[in-house]
Protein chains: 2
Amino acid sequence: MLAQSRRPRGQTRERILLLAADWLQQRGYHGFSFAQIANALDIQSGAVHYHFPAKQDLVAAIFKRYRETAVAWCDEHSSKHGDAGACVRAFLEWQASFLDAEQVCPLGVAGVEYASLPSKACAEAESLRDEMIAWLTTTLSAGRDDGAVDFAGSAADQAALIVSATSGALQLARLNGSDDFRSVIRAVLAGLQTRGT
Amino acid sequence: MLAQSRRPRGQTRERILLLAADWLQQRGYHGFSFAQIANALDIQSGAVHYHFPAKQDLVAAIFKRYRETAVAWCDEHSSKHGDAGACVRAFLEWQASFLDAEQVCPLGVAGVEYASLPSKACAEAESLRDEMIAWLTTTLSAGRDDGAVDFAGSAADQAALIVSATSGALQLARLNGSDDFRSVIRAVLAGLQTRGT
DNA sequence: GTCTATAACGTGATAGAC
DNA sequence: GTCTATCACGTTATAGAC
């Protein structure tokens with residue numbers, strides 16, 4: 001019963017999801033097609049539609065998985081279990097990992113193409129935004145309380161700044177190279193005045 | 001020789017440019033078509049192609065005009081003629097004006113759709129980035145020298161932060177309303193410690 | 001010089017074979 | 001259950017009328 005075909009069955013869905021996520025964060029929602037996915041994976045475009053009936057289902061699944069990944073990441077980086085400053089720095093490094101893949105944050109994709117995005121995708125993106133802002137706000141607030149970090153203004157405002165700045169910086173890096181991203185990270189860290197516990 | 005037709009001749013190009021710029025900043029590059037523009041302006045899609053041979057010409061023209069507008073704005077808000085803190089605050093208000101139109105910064109569009117954008121548009125977007133970063137860097141640097149503003153890190157880093165944060169904040173605002181944008185503005189201003197001269 | 005009519009192609013999506 | 005062959009439509013772009 002092993003290896004009934006050259007491409008192992010049951011992995012097509014996963015392969016589609018991974019490739020589409022990559023392209024979504026490189027080209028935007030309207031920047032890739034089912035036919036292109038099928039061509040790259042050496043299948044027919046109808047096979048993609050079997051796993052994801054409509055394009056909005058595919059993209060909603062991408063946002064959903066990214067959100068699940070983000071939630072798991074946040075749980076592993078709770079300031080209850082470690083230094084809040086280290087948590088924030090880890091967040092910045094996590095965002096930096098998109099640089100090598102030449103990707104932007106999914107939140108940016110949703111924000112830019114909002115008016116031409118199917119509602120399913122918008123809803124998932126909004127949930128993702130809530131998770132990231134909530135984690136950052138909690139982390140920053142706890143960090144300021146115990147002296148691990150300091151910053152001007154409210155924790156919620158600072159959280160919105162960090163999410164906006166990192167997302168925007170990944171986009172700026174597409175235009176002018178990763179130096180712009182590193183500039184933004186330096187400025188964010190300078191504004192945070194983190195110090196290890 | 002007046003009013004030879006219902007739609008005055010010579011204004012079609014301008015009407016196309018204005019509508020397309022609006023849609024570009026709401027839906028992204030691939031989120032609108034020549035046919036939709038033609039339909040909205042009650043002309044044929046071929047008429048759009050007369051004024052802009054290919055879609056990349058239309059979008060490059062949008063970026064070019066936006067850059068010209070930005071350069072003119074920067075010239076009018078030179079820190080040589082006024083307070084640097086006021087200039088930065090004016091910049092933030094300028095970005096805020098996109099909120100009401102439910103638009104994002106053109107830089108964000110280019111960053112997100114970079115890999116699916118025609119090269120002409122990318123080149124214009126890169127020039128736009130250069131102009132904005134240069135003006136902000138100069139303004140912030142001069143402002144710190146004369147004590148109008150203060151901030152942690154280099155002027156260039158702070159400039160990249162402000163461009164990224166405002167662009168990202170406009171996108172976040174699409175997902176969760178203008179409160180997120182205002183949060184980011186407060187955080188930016190808190191980090192700048194501006195004071196009027 | 002300006003726009004209308006039309007074409008070639010790529011898109012998202014479906015029906016039915018295996 | 002999984003995928004191949006096919007469709008109707010919207011897309012960018014062109015040729016030629018006025």
Side-chain angles (χ1 to χ4, degrees), chain A residues 1-21 23-24 26-63 109 113 115-122, chain B residues 1-21 23-24 26-62 113 115-122:
Chain A
M1 295 294 279
L2 299 172
Q4 292 182 342
S5 69
R6 209 181 41 222
R7 275 177 276 96
R9 297 177 97 80
Q11 296 191 4
T12 301
R13 185 192 150 93
E14 186 61 22
R15 281 155 49 88
I16 294 169
L17 210 47
L18 288 173
L19 180 62
W23 283 355
L24 176 72
Q26 287 179 348
R27 315 177 178 181
Y29 178 83
H30 300 283
F32 66 95
S33 69
F34 274 36
Q36 290 170 332
I37 293 172
N39 185 58
L41 300 183
D42 200 26
I43 54 179
Q44 299 295 315
S45 70
V48 184
H49 280 282
Y50 166 70
H51 294 284
F52 303 96
K55 195 176 183 182
Q56 67 170 324
D57 299 313
L58 170 56
V59 175
I62 294 170
F63 274 104
V109 177
E113 298 187 284
S116 63
L117 221 56
S119 53
K120 262 191 177 182
C122 291
Chain B
M1 294 292 282
L2 299 174
Q4 293 183 340
S5 70
R6 207 182 44 222
R7 276 178 274 96
R9 296 176 97 79
Q11 297 191 3
T12 302
R13 186 192 150 94
E14 186 61 22
R15 283 155 48 88
I16 294 169
L17 212 45
L18 289 174
L19 179 62
W23 283 356
L24 177 71
Q26 287 179 347
R27 313 177 180 182
Y29 179 83
H30 300 283
F32 66 96
S33 69
F34 275 36
Q36 289 171 332
I37 293 172
N39 185 59
L41 300 183
D42 201 25
I43 56 180
Q44 299 296 313
S45 69
V48 184
H49 280 282
Y50 166 70
H51 294 283
F52 304 96
K55 195 177 181 181
Q56 67 170 324
D57 299 313
L58 170 56
V59 174
I62 294 170
E113 298 188 285
S116 62
L117 221 57
S119 53
K120 262 190 177 181
C122 290

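Side-chain proximity of B:Gln36 to D:dT11, C:dC3, C:dT11: nearest is D:dT11. Set against C:dC3, D:dT4, C:dT11, the side chain of A:Gln44 has D:dT4 as its closest nucleotide.
A sub-4.0 Å separation between OP1 or OP2 of D:dG10 and a side-chain N or O of B:Ser33 is absent.
We find that CD1 of B:Ile37 is positioned 11 Å from P of D:dT11, with the value rounded to whole Å. Taking atom CD of residue B:Gln11 and atom C1' of nucleotide C:dG1, one finds them 16 Å apart after rounding to whole Å. Atom-to-atom, CG of A:Asp42 to C1' of D:dC3 comes out at 13 Å; the value is rounded to the nearest Å. When the C1' atom of D:dT4 is taken as reference, atom NE2 of A:His51 falls 13 Å away, rounded to whole Å. Here C:dC3 presents its P atom at 8 Å from CD1 of B:Ile16, a figure rounded to the nearest Å. Computed from coordinates, the B:Ile43 CD1 to C:dA5 P distance equals 13 Å when rounded to whole Å. One atom, CG of B:Asn39, and another, P of D:dT11, lie 10 Å apart when rounded to the nearest Å.
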- Task: Can you check each nucleotide of nucleotides 13-18 of chain D against protein heavy atoms at under 4.0 Å and return B for base, S for sugar-phosphate only, - for none, in 5' to 3' order?
- Result: BB----
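Every residue meeting the side-chain contact (heavy atoms from CB on, under 4.5 Å) condition with A:His49, not counting sequence neighbours, appears here in chain and number order: A:Phe34.
Relative to the axis of its first five pairs, the axis of the last five pairs of the helix from C:dG1-D:dC18 to C:dC18-D:dG1 sits at 0°, rounded to 10 degrees.
Using a 4.5 Å heavy-atom threshold, the side chains of B:Phe32 and B:Gln26 count as separate. You'll find the side chain of B:His30 reaches within 4.5 Å of the side chain of B:Glu113, heavy atoms only.
Pairing each heavy atom of A:His51 with each of A:Ile16, the nearest pair is CD2-CD1, 3.9 Å. In plain terms, the two heavy atoms of B:Ser45 and B:Ala38 that are nearest each other are N-CB, 3.4 Å. Contact record, B:Gln56 with B:Tyr29: N-OH, 3.6 Å, taken as the closest heavy-atom pair. Contact record, B:Trp23 with B:Ala40: CH2-CB, 4.0 Å, taken as the closest heavy-atom pair.
If you check every strand for non-hydrogen atoms under 4.0 Å, B:Phe32 touches sugar and phosphate atoms only.
When the options A:Leu19, A:Val59, A:Leu58 are evaluated for a side-chain contact (heavy atoms from CB on, under 4.5 Å) with A:Leu24, the one that passes is A:Val59.
Under the 3.5 Å distance criterion, the side-chain polar atoms of A:Glu14 are left unmatched by any main-chain donor or acceptor of A:Gln11.
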